[in-house]
Each structure stands twice: as structure tokens, then as C-alpha cells.
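For reference, the structure discussed in these notes is given below.
Being a predicted model, the structure only gives us computed values, none of them experimental. Each chain gets a letter, A, B and so on, in the order the sequences are listed, and its residues count up from 1.
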Amino acid sequence: MTSLSGKVAIVGAADTEVGILPGVGATQLCVDAACRALSDAGISKDQVDGLVTCNSMAEPYMYHAEAIAEYIQIFPRYCISASAGGGTTFSILHHAASAILTGMCHTVLISMADTLRSGLSREQAMLMQSATGHGQFERPYGPTVPAYYALIAQAHMAQYGTTQEQFAQIAVACRKHAALNPAAQMREPITVEDVINSRLIADPLHLLDCSLVSDGGSAVILTSAERAVDFPHSPVYLLGVGEGHGHEHISQAQSLTTSAAVESGQRAYAMAGLEPKDMDLAQLYDCFTPTVLLELEDLGFCDKGEGGAFVESGAIELGGALPVNTHGGLLSHCHPGNPGSMFALTETVAQLRGVAGERQVDGAAVAMVHAQGGIMSSHTSVILGRETA
Amino acid sequence: MANHSGKIFPTPTRETAHYWEGCREHKLRLQCCVSCGKHQFYPRSVCSHCLGDQLRWIEASGAGKVISFTLVRRAVSEAYKADTPYVVALVQLDEGPTMMSNVERCTPESVEIGMRVTAFFEEWSEEISIPKFCPI
């Protein structure tokens, strides 16, 4: 079997302005991100022969990738929009890398944007997202997205003695990192007490345990390792990729406290020939604080049930053993919906290029990035590195 | 019948009609596979364990236990606002399958993991009754 490891690299990466951007359409943001990434890669649009996007909730198209290609008048030979909720970014990365390896195309532009904050009303955004629930067997009971994750948090607390304060510690770490990131939407430092004293949304989750609702876009350019050396920036190589898929609806989950991140992580580590202890940093999907705690355990950074103690030790903060979400994450940098993890990806590229400024992890050479879509449903783990092996 | 307008009403399909008809008669029905003998919820056209297509309907006892729960304080929409804080729970039925539901007829703060509960039915319309749970 052909392995992707070391054969594909990211050669361009850029974000748009993020946060609250009234009047800016999601299509415009997607194109803005694309242009910035092309410029970062130092190539013209005509050198792109693959385009992958995800649909926008605020400005949807039946054929989203085609709409973006049309907007900037490119005529790719590989063109598709994909959706795996929050897991879309890394799922797309996996598919795009495979497309390059099989010769479907040579240079892929991945561009994603949405305007959940300004393009939808609060009520619309909540209803659209909670629609992930089963129409007959979940949604009539009035669950919200925070409620689905609260079910996971509550089960973890009961099974392992995890505390609200430990969940809160994750929000505090992300905010601490965002404070060092001029682009982040929320930069005012917070404390564990601030999180606990913020309004309860769905017990045990408080307002500050929940990610932001934002506008924003982000894009990367992917090409083969052979071509990658001809670009202006040092390539960032894909060393390992793995997926794991457990369920769609949380009421059908095999386990509330262990997710298919176990499988996605193991597959990515096996492909890369690396272990959790080899990672210099990690960007983990943080739609809600408990998500990060489960991922730390399931991806092998600590034992099952030890996530609470791990975050309490300060390990996930810059300067700790495994800095997590160095840009501030969905909790403090920005969260425009399905494109959310694109910013974790572009941040990782910056870290591995060594240009992350005040939040640079010293000597960062290898990173784990992980995202999940649905309610701990669809997982993709990617290991990125400065060198091919 | 209390006013439930604006709430998210289930739309029964051929696969699920018998379940919802049961609810209307205040019976909680599950499917049981003739081939492998396992129960499943939600209703499907085939057995999710062995893909057997011979499924018989049984009436569940309605008893189960809370395996997780949350108190929803920010309602999903205006129609659910009057119910806040409401308990969204995962209930594992004694027959094995797990379903999402609301736990009611108790103070929300008294709900805990492991709590034994039993089904009751809330009538939302002439056609639709929703199975919910209360402490035993």
C-alpha cells in the first residue's frame, strides 16, 4: 500500500481577518483567503489545478467549489466541496493529499470561510447547528450543540472524577495563547473563576467553556513533496494521516467518554512512525472544553481518565510539555463553523516555519493537528513536520 | 393538551410509523431481530447488528437508567424557552438500547447518572405523543 507519509506538503497558508465582520459575504471571504494563500505560496491562480472548499451556512451554493472556481475564473481538473462538520479541514486535507498522490491533480487550493456571526441570526445559527441531531429521536427533546457535548462532559466527570475547574483550565490556556495573537477575536486573559462564574449554558458547560461564533476564512496550498521545494517558504510535510468514524448521533455512540480519535490517532502515528511523545505541539478541536480533554486522552498524550490532571498541570500552555491551540483555538481565536480548524492548520504551518512570533514553540518540528465533526463523530488526525522523516 | 407549537415535531416514516403509533397508545416499542435476537433503537429497516431484515416489534418495559444528562439553560429555540431549565438525558433501556429523552416530573437538579427512570408519554398533537422519562 502506498503511504502518503512525506509525499505531500503545504506550501502556502493564510487567514483572512477574523471575528465580527458585518457586511462581508462568506463567498468574498473564501476568495480573500484563497488569494492570500496563493500570494503566500508565490504562485498564480493558473497554477492551481485542484480546488476543495466546504459549503457555507450563511451563503450556501449547490456546487460550492464550482462557485468559487467561477468567481476567480480558474478551471481545475479536481474540484469538490466536502463537509464533515468541524472535521472538514483535516478530512479535506486527507482527500486532497490522496488526489495529489494518485495524480488527479498537482497543486490543490483548499479554501474555506463562513460568516456564522454576521451572516446568520443567533437563532438561525443555533438551529442550523443543532440540526446535527436526529430529526425524530433527538431534536424533539430540545437539545442544543452545547447540550450534546455536556452529555459527554457529565459522563466523563461521573466516570473519572473530572471537575468543571479542569475543563475551565482549557479555556484559560486557549485565552492565554490568544492574548499573544494579534489576530484573535478574544484576547483579554481569563481565570478558572471567570469560566466557572460565567453563565451556565448546559450543565456543566459555562459560556466560557463554549467556542466563539465568528466570521472568517482561511486557505492553504498543497502540492507534492518534489514540487514543494521550489516554493518561497519551507514546506510543511504531511507525515501521517488517519481517520476514525464512530457514529453520527450522540445517542448512538458506543462510548460517551472514549471516541474514534483513538483510531484516527493510532492510524496517523503508525503512518508517520511517530508517537505522542514526539509531538512538539498539538492543535486539538475545541468546540467545547471537554472535547480537548477527551482528545488529549484518546490521542495518547495522557492515560484515559487522566485528562483533568494533565491540563491542571499546565502541560497544554505555551512553555508546557505539549502546548495546545497556540493561536487561541475555537475558544478564543475564532470559530466560523466548518472552516474552524483551518486556522489550527495555518497556525501549525506558522509554528513549523518558525514564524509564530511571541507564541512560537521553541524548536517546533513536529505537530499533531486533530479535528472532529458532529458530536465526537468524524475524526481526522494529521501529523505535520518540518522534515520529510 | 398543552401547547407545543413551534417545537420540533417528529415526522414518522414507513420505518418508524409503528413506533410512533405505539407512542400514541402510550406503548414504547422496540425492534427485535428474528435472526440474532438483539434489540435496536432507533427503528430501522434492517437489524444494525446482523443486517437481518426480519424484525419483530416488542413492547419495552419502559424502565431504564440515566447514563448521562444535562440541564439545558439556553433553549434551542423560542418554543422551548418556557421549559428551561430542561433535562436532556440519555436513557439506557433495560432491554439494552439507549435513547435520548427528557427527564421530567422531578426537580431538574435532582437528576443524576445511574438514576432509575420509567417512560411516560406527553401528547403533542392528535398524532404525536413523545416518550419522556421520570424517576421510578
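For residues 50-68 of chain B, the interface with chain A (any heavy-atom pair closer than 4.5 Å) comprises B:Ile67, B:Ser68, sorted by residue number. Taking 4.5 Å as the heavy-atom cut-off, the residues of residues 149-158 of chain A that approach chain B are A:Ala150, A:Leu151, A:Gln154, A:Ala155, A:Ala158, ordered by number. Contacts between residues 136-148 of chain A and chain B, defined by a heavy-atom separation under 4.5 Å, are made by A:Gln136, A:Phe137, A:Glu138, A:Arg139, A:Pro140, A:Tyr141, A:Gly142, A:Pro143, A:Thr144, A:Ala147, A:Tyr148.
Within 6.0 Å of atom CD in A:Glu188, 12 or fewer heavy atoms from other residues, nucleotides or ligands are found, so the atom counts as exposed in its surroundings. Heavy atoms from other residues, nucleotides or ligands lying under 6.0 Å from CD of A:Gln254 number 12 at most.
Between chain A and the residues B:Glu78, B:Arg74, B:Arg73, the most heavy-atom pairs under 4.5 angstrom are made by B:Arg73. When B:Pro12, B:Pro43, B:Pro131 are compared by the number of non-hydrogen pairs under 4.5 Å with chain A, B:Pro131 comes out ahead. With chain A as the partner, the residue from B:Ile128, B:Asp83, B:Leu90, B:Val91 showing the most heavy-atom pairs under 4.5 Å is B:Leu90.
Both the backbone and the side chain of B:Ser101 come within less than 4.5 Å of a heavy atom in chain A. Heavy atoms closer than 4.5 Å to chain B are found nowhere in A:Leu205, neither backbone nor side chain. Proximity to chain A is absent for every atom of B:Pro97, based on heavy atoms less than 4.5 angstrom apart. Proximity to chain B is limited to the side chain of A:Gln252, based on heavy atoms less than 4.5 angstrom apart. Proximity to chain A is limited to the side chain of B:Ile113, based on heavy atoms less than 4.5 angstrom apart. Heavy atoms closer than 4.5 Å to chain A are found in the side chain of B:Tyr19, but not in its backbone. Within the 4.5 angstrom heavy-atom criterion, only side-chain atoms of B:Tyr80, from C-beta onward, approach chain A. Both the backbone and the side chain of A:Ile201 come within less than 4.5 Å of a heavy atom in chain B. Both the backbone and the side chain of B:Tyr42 come within contact range of chain A, each with at least one heavy atom under 4.5 Å from a heavy atom of that chain.
With A:Asp203 as the partner, the side chain to side chain contact (heavy atoms under 4.5 Å, CB included) test is satisfied by one option alone out of B:Val72, B:Leu71, B:Val111: B:Leu71.
Take B:Arg116 and apply the side-chain hydrogen bond (donor to acceptor under 3.5 Å, both in side chains) test, not counting sequence neighbours, and it matches B:Asp94.
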